[in-house]
Amino acid sequence: MSRTLIVAAAQTGPIARSESRAAVVRRLLALLEEAHGRGARLVVFPELALTTFFPRWWMDDPAEIDAWFETEMPGPETRPLFEAAARLGVGFYLGYAERVTEGGRIRHFNTAILVDRQGRIAGRYRKVHLPGHSEYLPNRPYQHLEKKYFEPGDLGFPVWRVMDANIGMCICNDRRWPETYRVMGLQDVELVLVGYNTPIPSVMTPQYDHLAAFHNHLSLQAGAYQNACFVVGTAKAGKEEGSDLLGGSCIVAPSGEIIAQASTEDDEVITAVCRLDLCRINKGSTFNFAAHRRIEHYRLITERTGAEPPPAG
């Protein structure tokens, strides 16, 4: 019997610095309700979905920084999302800033959770590939300080069996790295969920700003095709606190084709019917890993971090 899951990308427009968690959650609840009305059983919200993209600002006061982080999930402001998920029978992916005490010290992560249709947390992921910088860069219109405010994730790239599907998660810049998808692909992933906040102009590579939308979709489509899985990419979009955020939320099939795409930079729901058995086509042929991968030639991927040129002839 064919396995089918209707999935929604719940894009949000800009979130103001002054907007409360409760106000943002009301927006997310409206998107969740709309997605449910359109038959979705899994909804993907953006990265750092509960607040403005605060890494654009330099802050030194620990209390000011910690105000952007969640210390429990669900907490008082986010509990209505979990209750709605259980009431509607709709799971969701939610990105947020996580502050935890582990090993006797306070830690900060850029995190996403997977919540099942009963409103229970089924999986947790912490962003591995942190972009940007940790120092203050003068003469910039804004900063990109993820390396200052977050630690690299320490949970790897797990895959969970939820809703009769093999589901994995990543966050924003992770989508640009082929290793992200391949590690999940080696766990037979069928559906990768990606939330992102992508500022334009880029602090690091302004030369490529005109290609931002192309590179976004290129990364998502390549990951889907090369690992024979569906990919759902959901943006926070529009002009937020003077910074433009890339939209282009989309759902990609295992063929690499975009099968649904947002048409605005506002709060918007897009849906697609994900026929999960379509993953088996390339998993059993072109990307049959067991038949075709040659791991004896891939050692540099884990032995070396930076690129080194070959010796001079």
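Here, residue 1 is the first one in the sequence, and each next residue gets the next number.
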Under the ring-ring contact (aromatic ring centres under 6.0 Å, His included) test against Phe157, which residue among Tyr125, Trp177, Tyr181 passes? Tyr125

Under 3.5 Å, is there a donor-acceptor pair linking the side chains of [X] and [Y]?
{"X": "Glu257", "Y": "Ser255", "value": "yes"}
{"X": "Asp60", "Y": "Trp58", "value": "yes"}
{"X": "Asn216", "Y": "Tyr196", "value": "yes"}
{"X": "Glu34", "Y": "His36", "value": "no"}
{"X": "Thr52", "Y": "Glu240", "value": "yes"}
{"X": "Thr198", "Y": "Arg175", "value": "yes"}

Considering all heavy atoms of both residues, which atom of [X] and which atom of [Y] are nearest to each other, and what is their separation?
{"X": "Ala9", "Y": "Val232", "value": "CB-CG1, 3.9 Å"}
{"X": "Ala49", "Y": "Leu94", "value": "CB-CD1, 3.8 Å"}
{"X": "Ala85", "Y": "Asp116", "value": "CB-O, 4.4 Å"}
{"X": "Thr271", "Y": "Ile251", "value": "C-CD1, 4.0 Å"}
{"X": "Pro55", "Y": "Leu48", "value": "CD-CD1, 4.3 Å"}

Should [X] and [Y] count as an ion pair when the cut-off is N to O under 4.0 Å?
{"X": "Glu135", "Y": "Lys147", "value": "no"}
{"X": "Lys283", "Y": "Glu190", "value": "no"}
{"X": "Glu64", "Y": "Arg17", "value": "yes"}
{"X": "Glu265", "Y": "Lys239", "value": "no"}

Would you kindly check if the NZ (Lys) or CZ (Arg) of Arg293 is within the cone defined by 45 degrees around the ring axis of Phe289 and under 6.0 Å from the six-membered ring centre?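 Checked: cation-pi criterion met.
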
Salt bridge (Lys or Arg N to Asp or Glu O under 4.0 Å) for Arg99 and Glu72? Distances and angles first, verdict last. CA-CA 8 Å; Arg99 179 181 181 269; Glu72 57 180 330; over 6 Å; no

Tell me if a side-chain donor or acceptor on [X] pairs with a main-chain N or O of [Y] at a distance below 3.5 Å.
{"X": "Glu268", "Y": "Thr12", "answer": "no"}
{"X": "His108", "Y": "Glu151", "answer": "no"}
{"X": "Gln187", "Y": "Val159", "answer": "yes"}
{"X": "Asn197", "Y": "Glu47", "answer": "yes"}
{"X": "Ser285", "Y": "Ile281", "answer": "yes"}
{"X": "Thr234", "Y": "Val44", "answer": "yes"}
{"X": "Asp174", "Y": "Thr180", "answer": "no"}
{"X": "Thr78", "Y": "Pro74", "answer": "no"}
{"X": "Gln11", "Y": "Lys236", "answer": "no"}
{"X": "Arg176", "Y": "His129", "answer": "no"}

Check: [Y] and [X] side chains under 4.5 Å, non-hydrogen atoms:
{"X": "Arg21", "Y": "Tyr96", "result": "no"}
{"X": "Cys250", "Y": "Leu220", "result": "yes"}
{"X": "Ser243", "Y": "Phe53", "result": "no"}
{"X": "Leu155", "Y": "Arg124", "result": "yes"}

Tell me, yes or no, whether the heavy-atom count around [X] atom [atom1], taken from other residues, nucleotides or ligands under 6.0 Å, exceeds 12.
{"X": "Arg275", "atom1": "CZ", "result": "no"}
{"X": "Tyr208", "atom1": "OH", "result": "no"}
{"X": "Arg87", "atom1": "CZ", "result": "yes"}
{"X": "Leu300", "atom1": "CG", "result": "yes"}

Which is it for His144 and Tyr149 under the ring pair (Phe, Tyr, Trp, His ring centres under 6.0 Å) test, yes or no, and what are the steps along the way? CA-CA 10 Å; His144 194 141; Tyr149 298 131; over 10 Å; no

Which residues pass the salt bridge (charged side-chain N to carboxylate O under 4.0 Å, His left out) test with Arg126, not counting sequence neighbours?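 Per chain and number, Arg126 pairs via salt bridge (charged side-chain N to carboxylate O under 4.0 Å, His left out) with Glu98, Glu102, Asp154.
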
Please assess Leu81 against Leu28 for the test side chain to side chain contact (heavy atoms under 4.5 Å, CB included), listing each intermediate value before the final yes or no. CA-CA 8 Å; Leu81 273 174; Leu28 301 183; 3.9 Å; yes

Report the relative orientation of the aromatic rings in Phe82 and Phe92; use parallel for angles under 30°, tilted for 30 to 60°, perpendicular for over 60°. perpendicular

I need the single residue from Val162, Ile6, Leu193 that forms a side-chain contact (heavy atoms from CB on, under 4.5 Å) with Leu42. Which is it?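 The side-chain contact (heavy atoms from CB on, under 4.5 Å) with Leu42 is passed solely by Leu193 among Val162, Ile6, Leu193.
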
Starting from the C-alpha separation in whole Å, work towards a yes-or-no answer on side chain to side chain contact (heavy atoms under 4.5 Å, CB included) for Phe109 and Val100. CA-CA 8 Å; Phe109 296 101; Val100 293; 4.2 Å; yes

Side chain to side chain contact (heavy atoms under 4.5 Å, CB included) between Tyr93 and Ile171, intermediate numbers included: CA-CA 11 Å; Tyr93 161 115; Ile171 299 174; 3.5 Å; yes

